[in-house]
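Order of listing sets the numbers, starting from 1, for every ligand and every atom in it.
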Amino acid sequence: AIRTEQEIEKLRLACQLASDVLVMIEPYVKEGITTGELDRICQEYIEKVQQAIPACLGYHGYPKATCISLNEVVCHGIPHDDKKLKKGDILNIDVTVIKDGYFGDNSKMYVVGEPSIRDKRLIEVTQESLYKALRIVKPGIRLNQIGKTIQQYVEKEGFSVVREYCGHGIGDEFHCDPQVLHYFSDDGGVILQEGMVFTIEPMINSGKKEVRLMNDGWTVKTKDRSHSAQFEHQIVVTKDGCEIMTIREEEITEGRIQRIM
Ligand SMILES: CCc1ccsc1-c1ccc(O)c(O)c1
Ligand SMILES: [Mn+2]
Ligand SMILES: [Mn+2]
């Protein structure tokens with residue numbers, strides 16, 4: 001869908017809120033806290049402070065406000081009061097909020113204490129694969145250039161790209177066209193146009209690409225139990241590039257990407 005300027009303004013606000021949650025929760029991500037507690041802190045903040053709605057809560061029956069995916073969990077990790085963080089854990093927190101009818105969807109990785117060398121590299125490569133994709137987005141390119149860019153870089157670095165989950169169009173609904181694959185494929189020739197709003201959210205495994213769905217019907221783990229990382233941004237395609245609507249101050253300061261690319 002091509003979004004109007006008015007819709008894009010509402011999407012900007014929802015995305016600002018979604019990124020604020022990821023910044024707010026960071027100081028709480030410490031050894032000993034449970035993922036259930038982290039989820040409650042996020043939900044309180046979204047509902048009470050932001051006066052917004054956590055989009056995941058009740059979505060297809062999902063029971064919590066956020067997804068918190070630890071170590072070998074690829075995505076859709078369900079927060080739990082028995083799941084205590086321990087030194088060396090790596091985790092993705094995925095937050096989607098609804099504000100004034102429009103969605104903001106983003107996620108990032110956190111580490112507890114010092115990660116292993118391999119996990120540190122996995123996280124770096126995952127974030128850089130998202131950044132490399134963001135740098136090529138502009139009207140007129142084939143949608144499948146995004147997946148090609150991510151897959152090429154990730155596999156050169158010795159990691160693998162999860163196939164089963166993709167980025168997605170987003171607006172006044174959580175998921176819509178286009179489907180944004182994180183690997184190279186025939187996309188039926190979709191060309192990016194100014195005003196398109198979608199997420200790019202690569203899930204990258206340290207070992208092999210295969211994943212398994214757990215019996216809870218939600219939790220997805222790597223088949224070989226290697227660790228997995230994910231970063232997600234929501235963007236709008238602009239006249240000559242893109243605007244990263246969920247960008248955080250920490251990323252601007254670090255300097256590898258800017259809000260307007
Ligand atoms: C838990 C929310 C959910 C349920 C089925 S798919 C899904 C989900 C989770 C994170 C996302 O970024 C997303 O686009 C969808
Ligand atoms: Mn998300
Ligand atoms: Mn998403």
Side-chain angles (χ1 to χ4, degrees), residues 1 3 11 14-25 35-36 38-40 42-43 45-46 50 52-70 73-80 83 91-99 102-110 126-127 129-130 133-134 137 143 146-147 150 161-182 196-204 211-221 228-236 242 244-248 251:
R3 302 292 169 182
L11 286 160
C15 287
Q16 178 64 61
L17 297 178
S19 63
D20 285 352
V21 180
L22 297 185
V23 173
M24 175 282 296
I25 198 64
T35 56
L38 289 172
D39 178 71
R40 256 191 304 284
C42 289
Q43 183 170 350
Y45 189 75
I46 294 166
Q50 298 187 332
I53 299 166
C56 292
L57 188 58
Y59 184 71
H60 292 284
Y62 183 77
K64 292 289 182 179
T66 66
C67 297
I68 303 181
S69 303
L70 267 169
V73 177
V74 171
C75 62
H76 306 169
I78 302 175
H80 205 284
K83 198 73 199 165
L91 57 145
N92 176 281
I93 300 181
D94 196 324
V95 172
T96 310
V97 306
I98 309 169
K99 182 72 175 180
Y102 283 80
F103 288 70
D105 183 3
N106 67 176
S107 81
K108 67 166 279 193
M109 293 300 289
Y110 303 82
T126 304
Q127 186 168 50
S129 77
L130 171 58
L134 293 169
V137 169
L143 173 68
I146 290 173
I150 291 169
V161 179
V162 171
R163 296 312 200 263
E164 288 78 358
Y165 302 90
C166 57
H168 50 92
I170 187 168
D172 55 353
E173 49 198 329
F174 200 162
H175 298 96
C176 59
D177 285 342
Q179 250 198 1
V180 183
L181 300 183
H182 300 121
M196 277 181 157
V197 177
F198 54 87
T199 69
I200 307 176
E201 46 182 296
M203 284 147 268
I204 306 301
V211 301
R212 285 287 174 275
L213 179 65
M214 296 298 111
N215 290 336
D216 64 13
W218 286 110
T219 310
V220 179
K221 289 187 178 180
S228 186
Q230 179 177 29
F231 285 86
E232 176 178 26
H233 270 312
Q234 181 170 326
I235 67 174
V236 56
C242 76
I244 306 170
M245 306 173 97
T246 48
I247 198 164
R248 299 178 297 278
E251 296 179 286

Student: Is it the case that N92 and S107 place a side-chain donor and acceptor less than 3.5 Å from each other?
Tutor: yes
Student: Give a yes or no on whether K83 atom NZ has more than 12 heavy-atom contacts from other residues, nucleotides or ligands under 6.0 Å away.
Tutor: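 12 or below, so no.
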Student: Find out whether Y45 and V95 are in side-chain contact, i.e. whether some heavy atom of one side chain is under 4.5 Å from a heavy atom of the other.
Tutor: no
Student: Are side-chain N/O atoms of E201 and H168 paired as donor and acceptor at under 3.5 Å?
Tutor: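 Indeed, the side chains of E201 and H168 share at least one donor-acceptor pair under 3.5 Å.
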Student: List by chain and number: which residues place a heavy atom under 4.0 Å from ligand 1?
Tutor: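 Contacts of ligand 1 under 4.0 Å: C56, Y59, Y62, C67, H76, D94, D105, H168, F174, H175, E201, W218, E232.
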Student: Quick one about H182 and Q230 (side-chain donor to acceptor, distance below 3.5 Å, no hydrogens or angles considered), yes or no?
Tutor: no
Student: Whether the side chain of Y110 engages the backbone of L22 through a donor-acceptor N/O pair (distance < 3.5 Å, no angle test) should be reported.
Tutor: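 Flag set: sc Y110 to bb L22 pair under 3.5 Å.
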Student: Take the Mn ion (ligand 3) as the centre and count protein N, O or S atoms at distances under 2.8 Å.
Tutor: 4
Student: Is it true that a side-chain atom of Q50 and a backbone atom of L17 form a donor plus acceptor pair closer than 3.5 Å?
Tutor: yes
Student: Does the side chain of D94 come within less than 4.5 Å of C75's, by heavy atoms?
Tutor: no
Student: Given 3.5 Å as the limit, does a donor-acceptor pair link the side chain of Q234 with the main chain of M245, or not?
Tutor: no
